[in-house]
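The structure under discussion appears below in the form of structure tokens.
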Amino acid sequence: MDDVFKTKEKLKNKIATEQDMKDDEKKMIEATISRLDSAGEGMMVWMRLFNPPPDSLGEEQAKAYLEEEMVKVKKVKDDILQALKDGNGLMQ
């Protein structure tokens, strides 16, 4: 999450300091900042909604729940990594 914040700040700074930036480049950077925000929020939402299964649930149901959560958190991870990749590509 720290990387998401740092990348967003660098992109915001790039918009603020580059006076001769073309509109299409600015729009791409703004869209990437938005994706970084969305990806970060996705992680926060997943963390708020995740509840470890109680011991009384049973091994099979607990395993199924955790596998579902793994799919969700992998999606969050992929979104974050892609947004970071895009952001880092725009800073060069």
| request: Tell me, yes or no, whether the heavy-atom count around Asp24 atom CG, taken from other residues, nucleotides or ligands under 6.0 Å, exceeds 12. | output: yes
| field | ring-ring contact (aromatic ring centres under 6.0 Å, His included) partners of residues 3-36, not counting sequence neighbours, each pair once | value | none
| task | Would you give the length of the straight line joining atom CG of Asp86 to atom OG1 of Thr32, rounded to the nearest 0.5 angstrom? | result | 5.5 Å
| request: State plainly whether the residues Lys75 and Asp79 are in salt-bridge range, i.e. N to O under 4.0 Å. | output: yes
| task | Not counting sequence neighbours, which residues clear side chain to side chain contact (heavy atoms under 4.5 Å, CB included) with Lys14? List them please. | result | Glu18, Met21, Glu25, Ile29
| said: Between Glu60 and Lys63, is the side-chain contact (heavy atoms from CB on, under 4.5 Å) condition met? List the steps. | reply: CA-CA 5 Å; Glu60 202 167 300; Lys63 182 179 177 182; 5.8 Å; no
| How close do Ile15 and Ile33 get, heavy atom to heavy atom, and via which atoms? | CD1-CD1, 4.2 Å
| field | Glu9 bridged to Lys12 by N-O distance under 4.0 Å | value | yes
| task | Would you check if Val73 and Glu69 make a side-chain contact, meaning some heavy-atom pair closer than 4.5 Å? | result | no
| Is a salt bridge present between Glu30 and Lys27, judged by a nitrogen-to-oxygen distance below 4.0 Å? | no
| Least distance between heavy atoms, Val4 atom then Leu36 atom | CG1-O, 3.6 Å
| query | Is Leu11 reachable from Leu81 through a run of I, L, V, M, F, W or Y residues, each pair having side-chain heavy atoms under 4.5 Å apart? | reply | no
| request: May I have all residue pairs that pass ring-ring contact (aromatic ring centres under 6.0 Å, His included) and include part of residues 56-92, sequence neighbours excluded? | output: none
| field | side chain to side chain contact (heavy atoms under 4.5 Å, CB included) partners for Met43, two or more places apart | value | Met1, Trp46, Met47, Val76, Ile80
| task | Drop me the distance from Ser34's OG to Glu41's CD, to the nearest 0.5 angstrom. | result | 11.5 Å
| What distance do Met70 atom CE and Lys77 atom NZ have between them, rounded to the nearest 0.5 Å? | 9.5 Å
| note | Sorted by chain and number, sequence neighbours left out, side chain to side chain contact (heavy atoms under 4.5 Å, CB included) with Leu66 holds for Phe50, Pro53
| task | For Lys10, check side chain to side chain contact (heavy atoms under 4.5 Å, CB included) against everything at least two apart and list the hits. | result | Met91
